[in-house]
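When reading the values below, keep in mind they use all heavy atoms of this one structure, side chains included, and skip hydrogens, waters and symmetry mates. Order of the sequence lines sets the chain letters (A, B, ...), proteins ahead of strands, with each chain counted from 1.
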Amino acid sequence: MKILIKDSMGHKTVEFKPMREGRVKLFVCGPTVYNLIHIGNARLFIVFDAFAKFLRSQGFEVFYVQNITDIDDKIIKEAKEENKPWKEIVARYLSQYFKDTSSLGIDSVSLFARATNYIEEIIDQIKRLILAGVAYETTDGVYFEVSKFTDYGRLSGQQLDKIRPGARVEISEDKRSPSDFVLWKKMKPGEPYWESPWGKGRPGWHIEDTAITEALFGPEYDIHGGGSDLIFPHHEAEIAQMRSLSKSGYLSRYWMHVAMLNMKEDKMSKSLGNIITVADALKKHSVQALRFFMLNTSFDSPLHYSEESLAAAEETVSRISEFYRKLDSARGSGKAGMVDVKRSRDAFMDAMANGFDTHAAMTVVLDLVTEMNRTMDRIGTRDRKEGIEFMNEVDSILGIVRKIGTGKGSEIVEKMISARNEARKKGSYALSDELRSILLQSGVAIQDNGPDTEWWFT
RNA sequence: GGAUAGGUGGCAGAGUGGUUAUGCGUGGGACUGCAGAUCCCAUCUAUUAGGGUUCGAAUCCCUACCUAUCCUCCA
């Protein structure tokens, strides 16, 4: 199948051609572990989780690497504020990160690469950058000289001479240009450090990623993903670093940037303090609803968070899940081919392959739900089987089906149901309603289909 | 100020030249003892504003206004 990618380099939709047939090297910028992640962060991880799963469903062998920034100014700051060792902060939030993402059904990452495990590679890369004449040492660190890389700004569309230096550019009188970015930070008293040719210090942020990807993938790879707020300068810096050494025309062949999740008007961010943590979101909403909400839009368009939208997502997920449950227990004897599941499956995959259009793919699913619901009472074995297989496939990629336990194997529930149906037959509705409400309170949902009653655990 | 995306019905959010997406909400109907779920019909008579191109524009061009993101750590 031909797969199109919305490439942020040049903002074009282009055909995806992996460097090696059938294999994909995918790198996504992971978290800095100094705090809990929020659902804005989660959007990125959910999008790439679904993306990696889709590629795998198409037979690609996906090597999906995510970096973990486990040494950084913010970690040091947090450690100071809490008066705890920085490694303790890292350990705490890293384990929380794994917990949060796994509770979001994210399980597609092949390898998490921690920056501090690559210090040697980082130092080596910086050495080579200095040798190549594009980096220089100052009193407080080693810097990359941006003017030495002519393509700097191509990804973001920035022109170096038009960039207005921010008000809070780090004080460093030795820097040759305000745009030069740090590769190695020399230690200040009390800070964590590693030995290096430039004395004790720690790596800058941008160099971590290229050291990791060079070590794991080599100087070039297929797809680089991240939040749209990282385009400049982070991804420009990565490109500048790696391509200055490799002399290749690209770092990654394709770039995919996930747009921000906004709260009211602003993006959700830790510094703005308008965050909802993953844990909090999951207290109120199902994983499936959160995933549906995130995937029901183009990954490269900003998305507005609101309780109302989440509630709507929850409704839709219920509809899909309810459909799945009904399909699972359908026992009709209709002819095969009443519904063309295969056509829906093709349309679904086409949408996914068309620039990862998860929204169009969802629409296909919802249309099929309506279509099959129409004939649910008489749906045949074969259509039913195809439908279930398709929904399982959809779920394995998008994670939007809440699998509701089918009602079997509980004698006590069965007894109460038949007691209730006896009462209904006799017209003792007060009693039957009473039994229904007891069942509901015990987590058993029931639905009358004529004289028969279906039930399941909620 | 520069860069990059946008401005669609009550809400969310598709649609890149020509049959009123889709979901949620709302109203009605079918079904049900009543519910619930489901289906059907309807509703909301949407395309930021003003020009232009065209037989025809939400879709292309121009202008204005507005919004987000980046230019500073940030998914």
Side-chain angles (χ1 to χ4, degrees), chain A residues 8 11 28-32 34-35 37-48 69 72-74 77 153 155-170 178-179 205 225-236 257-262 264-272 292-293 296-298 300-306 308-320 322-323 325-326 351 357 359-360 362-367 369-377 423-425 427-430 432-433 436-437 440 445-450 454:
Chain A
S8 351
H11 300 284
V28 172
C29 289
T32 300
Y34 74 105
N35 211 330
I37 64 159
H38 55 73
I39 55 175
N41 302 311
R43 181 182 184 189
L44 173 81
F45 303 127
I46 287 173
V47 164
F48 279 101
T69 301
D72 178 82
D73 290 356
K74 276 188 272 194
K77 188 171 166 240
L155 178 68
S156 58
Q158 297 283 348
Q159 286 168 280
L160 207 46
D161 54 342
K162 291 202 176 138
I163 291 172
R164 183 170 67 179
R168 297 192 339 233
V169 170
E170 256 183 74
S179 294
W205 180 41
S228 63
D229 54 350
L230 297 189
I231 294 173
F232 191 95
H234 184 53
H235 291 155
E236 294 285 4
H257 286 101
V258 176
M260 297 295 102
L261 179 68
N262 294 153
K264 302 247 169 67
E265 296 300 287
D266 300 314
K267 77 164 168 172
M268 183 177 290
S269 89
K270 291 167 189 170
S271 23
L272 289 176
F292 180 89
F293 173 67
N296 195 218
T297 182
S298 311
D300 58 346
S301 293
L303 179 62
H304 285 85
Y305 179 90
S306 75
E308 197 188 6
S309 299
L310 257 293
E314 199 75 70
E315 286 301 314
T316 307
V317 162
S318 291
R319 179 178 154 77
I320 294 169
E322 185 69 7
F323 164 73
R325 183 190 62 73
K326 267 188 274 196
D357 191 347
H359 182 272
M362 299 272 203
T363 304
V364 171
V365 173
L366 288 167
D367 284 345
V369 168
T370 302
E371 204 184 336
M372 289 189 93
N373 268 334
R374 234 172 253 154
T375 54
M376 188 59 84
D377 56 336
R424 282 175 68 214
K425 219 181 278 175
S428 317
Y429 295 124
S432 73
D433 287 353
R436 176 167 62 191
S437 108
L440 262 172
I446 61 178
Q447 186 171 313
D448 299 329
N449 303 318
E454 248 185 289

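- Counting to the nearest Å, the P atom of B/G23 and the CD atom of A/Glu314 are 18 Å from each other.
- Among the protein residues, A/Ser156 comes within range of the sugar-phosphate backbone only, with heavy atoms under 4.0 Å from sugar or phosphate atoms but none that close to a base.
- The gap from the P atom of B/C62 to that of B/A5 amounts to 14 Å, rounded to the nearest Å.
- When the P atom is compared between B/C40 and B/G6, the two are found 34 Å apart, to the nearest whole Å.
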Dot-bracket summary - RNA chain B, pairs being Watson-Crick or G-U whose distances fall under 3.5 Å, with | when paired to another strand:
(((((((..(((.....[...)))((((((.......))))))....(((((..]....))))))))))))....
At under 4.0 Å between heavy atoms, which parts of nucleotides 7-12 of chain B does protein reach? Answer with one letter per nucleotide, 5' to 3': B base, S sugar-phosphate only, - none.
----SS
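- A distance of about 11 Å separates the P atoms of B/C70 and B/A75, rounded to the whole Å.
- Considering only side-chain atoms of A/His11, the nucleotide from B/C24, B/U22, B/U4 that sits closest is B/U4.
- Across all strands shown, A/Gly157 has heavy atoms under 4.0 Å from sugar-phosphate atoms exclusively, and none from any base.
- Taking CE from A/Met362 and CD1 from A/Ile320, the interatomic distance works out to 7.0 Å, rounded to the nearest 0.5 Å.
- Counting only heavy atoms from C-beta outward, the side chains of A/His234 and A/Cys29 approach each other to under 4.5 Å.
- A/Asp357 places its CG atom 17 Å from the P atom of B/A21, with the value rounded to the nearest Å.
- Checking B/C71, B/A68, B/A75 against the side-chain heavy atoms of A/Phe232 singles out B/C71 as nearest.
- Taking atom NE2 on A/His235 and atom P on B/U69, their separation rounds to 18 Å, with Å as the unit.
- Per the geometry, CD belonging to A/Glu236 stands 13 Å off P belonging to B/U72, to the nearest Å.
- Rounded to whole Å, the C1' atom of B/A58 lies 5 Å from the corresponding atom of B/U47.
- Using a 4.0 Å heavy-atom criterion, one finds that A/Ala259 contacts the bases of the nucleic acid, with or without backbone contacts as well.
- Looking at heavy-atom distances under 4.0 Å, A/Ser298 makes contact with sugar-phosphate atoms alone, never a base.
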Between A/Glu322 and A/Arg325, does the salt bridge (charged side-chain N to carboxylate O under 4.0 Å, His left out) criterion hold? Intermediate values first, please.
CA-CA 5 Å; A/Glu322 185 69 7; A/Arg325 183 190 62 73; 2.9 Å; yes
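- For A/Asp72, the side chain to side chain contact (heavy atoms under 4.5 Å, CB included) test picks out A/Thr32, A/Thr69, A/Lys74, A/Ile75, with sequence neighbours left out.
- With P as the reference atom, B/U43 and B/A21 are 13 Å apart, rounded to whole Å.
- Distances from the side chain of A/Thr297 to the nucleotides B/C39, B/A14, B/A21 place B/A14 closest.
- Ring planes of A/Phe293 and A/Tyr305: perpendicular class, angle over 60° (limits at 30 and 60°).
- Of the residues near RNA chain B, A/Glu315 and A/Asn41, the one whose nearest nucleotide (by heavy atom distance) lies more toward the 5' end is A/Glu315.
- Here, B/U8 and B/U4 have their P atoms 22 Å apart, quoted to the whole Å.
- Nearest to the side-chain atoms of A/Arg436 among the listed nucleotides B/U22, B/A35, B/G23 stands B/A35.
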